[in-house]
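What follows is a short report on a single structure.
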Number of protein chains: 2
Amino acid sequence: MAPTLEDVARAAGVSRSTASRVLGGYGPASPDTRERVRAAATRLGYAPDPAARALVTGKGYRLVVAVVGLDPAVLDDPYVDRVVRATAEVGARYGIGASLQWLPMDSAPTVLHRLAGDRSVCGAVLVNTTEAVLRALPRSLIGRVVSIGIGWPGVPSFDVDNGGATSAMIQHLYASGRRRIAMVTGPAWMPCTQRPIDAYQAAMVAAGLPVRLVPGDFTAAGGRAAMLDVLDRWPDTDAVFATSDAMALGAIAVLRSRGIEVPGDIAVAGFDDIPFASYGVPALTTATHPVERIAAAAATAVLEQTWMPPVTAYPSELVYRESA
Amino acid sequence: MAPTLEDVARAAGVSRSTASRVLGGYGPASPDTRERVRAAATRLGYAPDPAARALVTGKGYRLVVAVVGLDPAVLDDPYVDRVVRATAEVGARYGIGASLQWLPMDSAPTVLHRLAGDRSVCGAVLVNTTEAVLRALPRSLIGRVVSIGIGWPGVPSFDVDNGGATSAMIQHLYASGRRRIAMVTGPAWMPCTQRPIDAYQAAMVAAGLPVRLVPGDFTAAGGRAAMLDVLDRWPDTDAVFATSDAMALGAIAVLRSRGIEVPGDIAVAGFDDIPFASYGVPALTTATHPVERIAAAAATAVLEQTWMPPVTAYPSELVYRESA
DNA sequence: CCTTGCGTTGAGAGCGCTCTCACCGGTGTG
DNA sequence: CACACCGGTGAGAGCGCTCTCAACGCAAGG
């Protein structure tokens, strides 16, 4: 159906080699030949098959953003879209396309194995990957794979400094007089959950304050449930730090429905600085998440193939609004 | 680097043909041979190269979700994620992977042309495509491409019945006593903008009510600006229908900051029923957008290659909450 | 004894492409 | 006149895979 290089060559009255040389723009060719080949290609609507090309050159032509085990409900904001977009932008500068690949938790190793054999992919950016997945990472993928989240020997990690952000937020809450600060975390199975918990615990223990941890799931509904739980277990809580804005927004909804003042009675802070953070009442105090910067760095790392430090943490900044 | 079928065959002491037959599971082979080949494949960590396979079979192995010209800021909700996810799920049932491809407005024809030549792709689902893009659609893509949004000869269209949803919403607003109903639309360049406008105008004219149209951009910030505009031009407006929840939420933020009661003074309705719609105060009245159903149908259509009606509209349902 | 049929196997072509290499005719040098 | 050289060109190998086809050994049937 689609015309091949052979078709173009025939139409231009030259050999396949010459056509390839002209279209690929690498070898010598007379102006006349050049012209004829190009004209034929346009006339036939020829587009080279990158898959066939990859087969012979041994170089892939697409970068895969592999998202591990994320139920879309887990994310009430377009996090993955942002990662793919940033990756695509970087890839475009290298003539490389970006593809999204969802890896259901249970079949992640299988899919990754298939990916490893695919000569059309030149590398991958793992998102939200777990230790189990990294452990099973195909050997042939090492060196052309990076991770947004936790790292692994041979797999450099890029992530927001959510530990630092947590410390800063707790500090802010403390400075504004809060002493009974609860934290709504991500789900335990997600690797990005641990560091904020550690930072929170360290800060609370250092200040001699009680540790109040409740697991969430990064959704507004989850934040709602978690807030209910906090209220139930520790009624005297005066501040809540949720590790995602969606959860914080859910928490605020609960508080408002109970007639509890925010931030008067309970301060609420989030994380991510999603668009809706500033549109609620009260506007959400939160910490930025430089997704694009992180994804761009990750993509660049696999495309450039240059040495990368095992872990790169990107600073998050506090955004002071009304809720805390 | 990565082992090839040849390597496996050699390790198992058989020919490449036999190895292919065993691993592909199509031809006869003695139990002993079968065993040896499989063992060798596992031991070497072999994964077949789908690109090479596609080259000979002529069948692609991935379905591309091609999103035309959408700035991520345009969407404050994970619409694209949802489409990709649904597509991936359908694809998985056919052993076909899904890839996301962003098409910047200006380079859409070029990228589509490249896509057409790529033997690794078996088809595409166009999202938010425009007439200009469809006009330039490569011939070899016709028959294996569908559109979520507007259609084209040979390109069946799947979309939510946003015209019907608009009529229903206006009717609801009218029934609850509203008479000066303004509408915040999508950006003019997006093809999904027109039908709701037509439906709104028809309803208003039929009821002898004034038409009050303001363009938005599907973001919360855009909704904010549009609401300001409405207030400025038609201070007596008593209802606003925004064609996305994000815009409706932005509109509500403006009204609240002005001390205007919602829905007391002005009713606000949205479209999409995103997660945050129910978390604001007041909870947003809106219309559902069955993205997954639509995407699944679109993906199935290209994978099944069966005849499809030129246009399939999926019903939207009104969700009555507090804001209207 | 030869034929037929069957289960099993490997040789080989070829998918669309890149790229090395050899070739060809024309020009410049010794 | 022989030689090297050079821009321009095509033949052909081969990337990893699938799949057709022929060949092989062996049992059953005539």
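Sequence lines set the chain letters: A, B, ... in the order given, protein chains first and strands last, and positions in each chain run from 1.
Among the heavy atoms of the strands, none lies under 4.0 Å from Pro50(B). Using a 4.0 Å heavy-atom criterion, one finds that Thr4(A) contacts the sugar-phosphate atoms exclusively. The residue Arg16(A) sits close to a base: some heavy atom pair falls under 4.0 Å. Contacts of Arg21(A) with the nucleic acid, taken as non-hydrogen atoms under 4.0 Å apart, include base atoms.
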Decide yes or no on ring-ring contact (aromatic ring centres under 6.0 Å, His included) for Tyr79(B) and His289(B), but give the supporting numbers first. CA-CA 10 Å; Tyr79(B) 175 73; His289(B) 191 162; 5.7 Å; yes

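Here dT18(C) presents its C1' atom at 13 Å from CG of Asp49(A), a figure rounded to the nearest Å. With rounding to whole Å, Leu23(B) atom CG is found 16 Å from dG16(D) atom P. Remark: P of dT18(C) and CG of Leu5(A) are 6 Å apart, rounded to the nearest angstrom. If you measure from atom CZ of Arg119(B) to atom C1' of dG14(C), you get 14 Å, rounded to the nearest angstrom. Going from atom CZ of Arg36(A) over to atom C1' of dT9(D) covers 12 Å, rounded to whole Å. Whole-Å rounding puts the Asp7(B) CG to dC17(D) C1' distance at 13 Å.
Donor-acceptor pairing under 3.5 Å, judged by distance alone, is absent between the side chain of Ser15(A) and the base of dA11(D).
Formation of a donor-acceptor pair under 3.5 Å by the Arg195(B) side chain with backbone atoms of Pro191(B) is not found in this model. Under the 3.5 Å distance criterion, the side-chain polar atoms of Arg82(B) are left unmatched by any main-chain donor or acceptor of Glu292(B).
Here the closest non-hydrogen pair linking Pro153(A) and Ile142(A) is O-CD1, 4.1 Å. Considering every non-hydrogen atom in both Trp189(B) and Gly69(B), the closest pair reads CH2-O, 3.0 Å.
Within residues 28-35 of chain A, the residues approaching DNA chain D are Pro28(A), Ala29(A), Ser30(A), Thr33(A), by heavy-atom distance under 4.0 Å. Near-neighbour residues of DNA chain C inside residues 53-64 of chain B, defined by a heavy atom below 4.0 Å, number-ordered: Leu55(B), Val56(B).
Residue Ser17(B) places no side-chain N or O under 4.0 Å from the OP1 or OP2 atom of dA11(C). One finds a side-chain N or O of Ser20(A) lying less than 4.0 angstrom from the OP1 or OP2 phosphate oxygen of dT18(C).
Applying the side-chain hydrogen bond (donor to acceptor under 3.5 Å, both in side chains) test to residues at least two apart or on different chains, the pairs with a partner in residues 18-28 of chain A are Ser15(A)-Thr18(A), Ser20(A)-Tyr26(A).
Looking only at side-chain heavy atoms (C-beta outward), Leu115(A) and Val64(A) come within less than 4.5 Å of each other.
A cation-pi arrangement is absent between Arg135(A) and Trp152(A) under the rule of less than 6.0 angstrom and at most 45 degrees off the ring axis.
A donor-acceptor contact closer than 3.5 angstrom links the side chains of Thr33(A) and Ser30(A).
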